[in-house]
Amino acid sequence: MITLGGQILQSGPDGHATIRPGVVEIAEDRIVGVEFGNVPGTVDHGDFDTLICPGFIDTHLHLPQFDAIGAAGLRLLPWLREVIFPAERCWNDLGFAQAMIDRVARQCLAVGTTGVCAYATVAHDAAMTALKAFREIGFRGVIGQVMMDRDAPPELLRPPEQLADEVARTLEQFPADQRMAAAVTPRFALSCSETLLEHAGSLAASHGAIIQTHLAETVAECDAVAQRFGGRDYLDVYAAAGLVTRRSIFGHGIYLDSASQKRLAQLGGMIAHCPTANSFLGSGMMNRHSHLSRGITLTLGSDIGAGFERSMVRVGRAMIETAVRVSMDAGRGVDDSAWIPTAAQAWHQITAGNAEALGWNDSGRVAVGCSADLLVIRPDTPWLDSPQPLSTLMFAWDDRWIKTTILRGRMRYSSASAS
Ligand SMILES: [Zn+2]
C-alpha cells in the first residue's frame, strides 16, 4: 500500500475540477481509497500544500518529432518536407528509434503525461518497439504505425498492401481492449492513396481500433485535398473510407464548414485541438465554441513537434489563450464563459475530459477503482491562498513542481532522482 496526501483534484460531470484535502491509497495498480479530511504526516508522499492530480493525457503527439521542436518559419506543408520527413527518416534505424523512444518516454513522465495518443513513423519495427516500451513503462494509450504511400521521400513510403499487413500485426499484438493498444494511423489524406485509406478503414473496423489522422489544419492543405480528390469535401474523403467513427481522433479541424461540423458530430469523430501547434506553424485558430455548440467532442493535444510545449498544463493554458483571441475576434469580448474555458475546465480537459472522450473509464480521475496514474505536485508558491488555486497553478506553472509520477501504482519518475 502506498499513501499520497495533499489537495486532491477531482473532476465533476460538469467539466469543472475541485480540490479538497485528503489521502489517496494505492494497492497494486489501483486506487483503493480516497478519504477527504486532514492530511496526516504519515503519508508516503505529499503534505497539505501538495496537489494530488491524475496524470495528464495528451491526445495528439508524434514521438519521432520531439527533437524537431522549434523549427520555425515554415508553414505546414513545407515544414513536413524540410523538417519532419528528415526527422522521421531517422527511425528507419531501429537503434536510433529505440534510444529516442526511451528518451521521449522519460520526457513525458517528467512533465506528468501518463496517457498518450501517439504517432510513430512508417517503420514497422520502430512502431512495435514504441508500443512495447510504452506498455512496459505502464503508459495508457495508443501508438500507431504511420501509413503513407505517396508524397513523401521514397524511404518513408510503403506499398499499401505491405502497410496493411504490418498495421494488422500491430493490431493483433496490441489489441484495442488493452491498456496500450495499436492505432490505425494514416498520416493525412495527402499522404495516402484511396486504396491505402480503404485499407485503414477496414483494419480499424475489423479490430475496433482507434483511428488517428489530421484534418483541415491549414487552408493550403484543404485546397490540395480538394484538388487531389476531385473537389470532394475533406471529411468526406475520410468518411468514404470508413475512417470517421466514434473512435476517430482528427488532429486540428480548424477549417471545417458548418455542414462538415454537423456531419462530424453525427458520426461521432473527435477533434484533437492543438493550440500550440496551430500558433507555431501559423495555421490558424480553432473556434472551440463553434465545434462544441455543434456537438463535436473535443480533446486536447500537444502535437509535438509542431507543438512546442511538452507540458499538457501549458497546452491547457494555450487553449484558454486561443479561446480568448477567437472570442475577441468574434466580437464576444473576454468575459463570455460560453467561449472561454476556465483553468478548472482546462485541468478537467487534460485529465478526465480527454479520458472520457476516449472511453478510458478507469483513467484521468482520482477515484476508487481507477488506475493509479497519479502526480504528486508541490508548487513553490502559496497557491492555496489564491482565490482561484487552479488558475494560479496553470498560469504560474513550473514542470519542476512535479515531484513524482506514478503509473499503474509504480513510481516511474521522481524529481529527486532526475538528472
Ligand atoms: Zn500531428
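Every number for a ligand or one of its atoms is a count from 1 in the order of the listing. No hydrogens, no waters, no symmetry mates; every other heavy atom, side chains included, goes into these values.
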**Message:** Under 3.5 Å, is there a donor on one side chain and an acceptor on the other for T213 and Y238?
**Reply:** yes
**Asked** Between the side chains of H273 and H291, is a donor N or O closer than 3.5 angstrom to an acceptor N or O?
**Response** no
**Prompt:** Would you call the rings of F280 and F308 parallel, tilted or perpendicular, where under 30° means parallel and over 60° means perpendicular?
**Reply:** tilted
**Item:** Identity of the N, O or S atom of H60 lying closest to the Zn ion (ligand 1)
**Value:** NE2
**Request:** Scan V326, I271, T322 and name whichever one has a side chain to side chain contact (heavy atoms under 4.5 Å, CB included) with M286.
**Result:** I271
**Message:** Counting backbone and side-chain atoms alike, is an N, O or S atom of C274 positioned under 2.8 Å from the Zn ion (ligand 1)?
**Reply:** no
**Message:** Angle at the Zn ion (ligand 1), OD1 of D303 to NE2 of H62, rounded to 10 degrees, please.
**Reply:** 90°
